[in-house]
Amino acid sequence: MTTRVAVIGAGIVGLATARALERRGFTCLLFEQGAPGGGQSAGESRIFRHAHNDPRQFELAVRARRDWKEWEAEFGVQLISPDGAMAIGAESVSRLEKYADDPAVRVREMTPEQVTRALPILAGYDGPALIDDAAGAILTRLTIAHLIESVGPNLVPERVESVVPRPEGGVEVTSSFGSRDFDAVVVAAGTGTPALAASADINIPSEPRAHVRLTFPLASGVREPRLACIQDSSGAFGEAAAYGSPVRGNRSYAVGLALSAEVDSESPEDPLSGLAERTRAYVREAMPGLDPDGAVPFQRWITELPWAADGLAIWQEGDAYFVAGHNLFKLAPALGRTLADSVVSGMVEPGFRPEARLGAPALEAR
Ligand SMILES: Cc1cc2nc3c(=O)[nH]c(=O)nc-3n(C[C@H](O)[C@H](O)[C@H](O)COP(=O)(O)OP(=O)(O)OC[C@H]3O[C@@H](n4cnc5c(N)ncnc54)[C@H](O)[C@@H]3O)c2cc1C
């Protein structure tokens, strides 16, 4: 039996899905309109964290961490830095603390001296702090490069215009080169997913928003042997919530505020320049070990779902599956498997359906 499957979008999620499908013996074409890994998955670093408001997402992150280790073994490289992910401030600490006894994480409380050792570029801080030594910075480019090498021969450099599931089964995919039929289709097109879902009569409630993050060189020009990731909700440095992660080689550090901006194409104002300026001001206060004037901005659309910043769901119509959400990089290996399982079983696991509102803090008690 040959099942022909199309994956639309060669970001981290589409690449992970194509790889998982091929592992299950499916013939798979991967459509990409631009450079693989050049959309939301671009850039040099992402945070892998177990800490999530929704315990179901914590479980998913645990599965993903195992999958990351498998990728590391298969590709023969380290893809997640060993320096951990630190939480400072009450909210970030409480999000991690509740999983502290789970054997999958390695969470420990930190003294101010330990905070400084884990992140020497940080200003003095003596509030609540935890670190998860089983988390860390994802080496994004290395990951994408290895996945492209693995599934690259099946890349189709075409923009898909519509994805129409047929009532009798199968899906018609129309691209810039015409229409083709597939037995099943997975759409992981990032900001392009809602429009393709609309062609299948599915409404994905996600308006793209813009986010900016800046990469700062180390102030002294030296490389620190250890740089943990950070999630800062302390408010100690003038912003309610910020995050940071080291870039491969520890010569620079990427910092962003946990904020995004609505983009009004009618307005002459650039909504991200204000956020970039606030990020620089935060770094001046919080991270004297960085050079605030040497920052390189990186901006992208993000696709948050309305129920949570980490919200994630898979929509299904016939044999077509559409995935949307934010902060998906760390979860991608497990999400790719889940999408491949959906194709195999012909249905989405209930916990990933939109009505499950994966990521919603209101479901914490379940
Ligand atoms: C600045 C920033 C910081 C972030 N930090 C983190 C973090 O610390 N941890 C974390 O886990 N996540 C983080 N994220 C989120 C994470 O990067 C994204 O959730 C993830 O990369 C999304 O991957 P994707 O494959 O779904 O989408 P994308 O990478 O956008 O891939 C979709 C692909 O589909 C293609 N495409 C779109 N439409 C079509 C079409 N019609 N036809 C053909 N191809 C099409 C696009 O060209 C694109 O390559 C961050 C995001 C940003 C922007």
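Order of appearance sets the numbers: ligands from 1, and atoms from 1 within every ligand.
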Open item on the list: Under 3.5 Å between any N/O of W301 and any N/O of ligand 1: does that happen in this structure?
Closed with: no

Open item on the list: A cation-pi test, strictly: NZ or CZ of R159 under 6.0 Å from the centre of the six-membered ring of F31 and no more than 45 degrees from its axis. Yes or no?
Closed with: no

Task: Over 12 foreign heavy atoms within 6.0 Å of CD, E109 - done: no

Open item on the list: Please determine whether any non-hydrogen atom of F48 lies less than 4.0 Å from an atom of ligand 1.
Closed with: no

- [ ] Please indicate whether any nitrogen or oxygen in F298 is less than 3.5 Å from any nitrogen or oxygen in ligand 1.
- [x] no

Task: ligand 1 versus A188: contacting region, heavy-atom distance under 4.0 Å - done: backbone

Task: ligand 1 to K330 polar contact by distance, N or O atoms, under 3.5 Å - done: yes

Task: Over 12 non-hydrogen atoms of neighbours within 6.0 angstrom of CZ in R180 - done: yes

Task: atom 29 (O) of ligand 1 - nearest protein heavy atom and its distance - done: S41 OG, 2.5 Å

Open item on the list: Please list the nearest protein heavy atom to atom 33 (C) of ligand 1 with its residue and the distance rounded to 0.1 Å.
Closed with: E32 OE1, 3.5 Å

TODO: Return the orientation label for the Y125 and F237 ring planes: parallel under 30°, perpendicular over 60°, tilted otherwise.
DONE: tilted

Task: Distance from atom 26 (O) of ligand 1 to nearest protein heavy atom, with residue and atom - done: V13 CG2, 3.4 Å

Open item on the list: To check your reading of the model: name the closest protein heavy atom to atom 3 (C) of ligand 1, its residue, and the distance in Å.
Closed with: Y243 OH, 3.7 Å

Open item on the list: For the 3.5 Å polar cut-off, considering only N or O atoms, please tell me whether G9 and ligand 1 meet it.
Closed with: no

Task: Residues R106 and D132 bridged, charged N to O under 4.0 Å - done: no

TODO: Using a 4.5 Å cut-off on heavy atoms from C-beta on, say whether the side chain of D319 contacts that of P165.
DONE: no

TODO: Run the numbers for me: atoms of ligand 1, each under 4.0 Å from some heavy atom of V160, listed by number.
DONE: 40 (C), 41 (N), 42 (N), 43 (C)

Task: 4.0 Å heavy-atom contact, G256 with ligand 1 - done: no

TODO: Ignoring hydrogens, just give me the one of L15, I47, V156 whose non-hydrogen atom is nearest atom 9 (N) of ligand 1.
DONE: I47

Open item on the list: Just checking D101: does its CG atom have more than 12 heavy atoms from other residues, nucleotides or ligands closer to it than 6.0 angstrom?
Closed with: no

TODO: Report the nearest protein non-hydrogen atom to atom 43 (C) of ligand 1: residue, atom name, distance rounded to 0.1 Å.
DONE: Q33 N, 3.4 Å

Open item on the list: Is there a polar contact, in the sense of an N or O pair closer than 3.5 Å, between I8 and ligand 1?
Closed with: no

- [ ] For the residue pair F75 and E70, establish whether any side-chain heavy-atom pair is separated by less than 4.5 Å.
- [x] no

Task: Salt-bridge present (D341, R24; N to O < 4.0 Å) - done: yes

TODO: Give a yes or no on whether E224 atom CD has more than 12 heavy-atom contacts from other residues, nucleotides or ligands under 6.0 Å away.
DONE: yes

TODO: Answer yes when K69 and E72 have at least one side-chain N-carboxylate O distance shorter than 4.0 Å, and no when they do not.
DONE: no

Task: E158, portion touching ligand 1 at heavy-atom distance under 4.0 Å - done: backbone

- [ ] Output yes when D181 and R4 qualify as a salt bridge under the 4.0 Å nitrogen-oxygen rule, no when they do not.
- [x] no

Open item on the list: I'd like to know if D54 and R95 make a salt bridge, using a cut-off of under 4.0 Å between side-chain N and carboxylate O.
Closed with: no

Task: Test: E44 and R248 ion pair at under 4.0 Å - done: no

Task: Protein contact to atom 2 (C) of ligand 1 [nearest heavy atom, distance to 0.1 Å] - done: H211 CD2, 3.8 Å

Open item on the list: Counting non-hydrogen protein atoms only, what is the nearest one to atom 31 (O) of ligand 1? Give residue, atom name and distance.
Closed with: G11 CA, 3.3 Å

TODO: Examine G34 against ligand 1 and note whether any of their N/O atoms are separated by less than 3.5 Å.
DONE: no

- [ ] Would you mind running through ligand 1 and noting each atom that sits below 4.0 Å from a heavy atom of R300?
- [x] 53 (C)

Open item on the list: Looking only at protein heavy atoms, which one is nearest to atom 6 (C) of ligand 1, and what is the separation?
Closed with: R46 CD, 3.1 Å

Open item on the list: Please report whether ligand 1 has a polar contact with F329, defined as an N or O pair separated by less than 3.5 Å (distance criterion only).
Closed with: yes

Task: Part of L196 with heavy atoms under 4.0 Å of ligand 1, whether side chain, backbone, both or neither - done: side chain

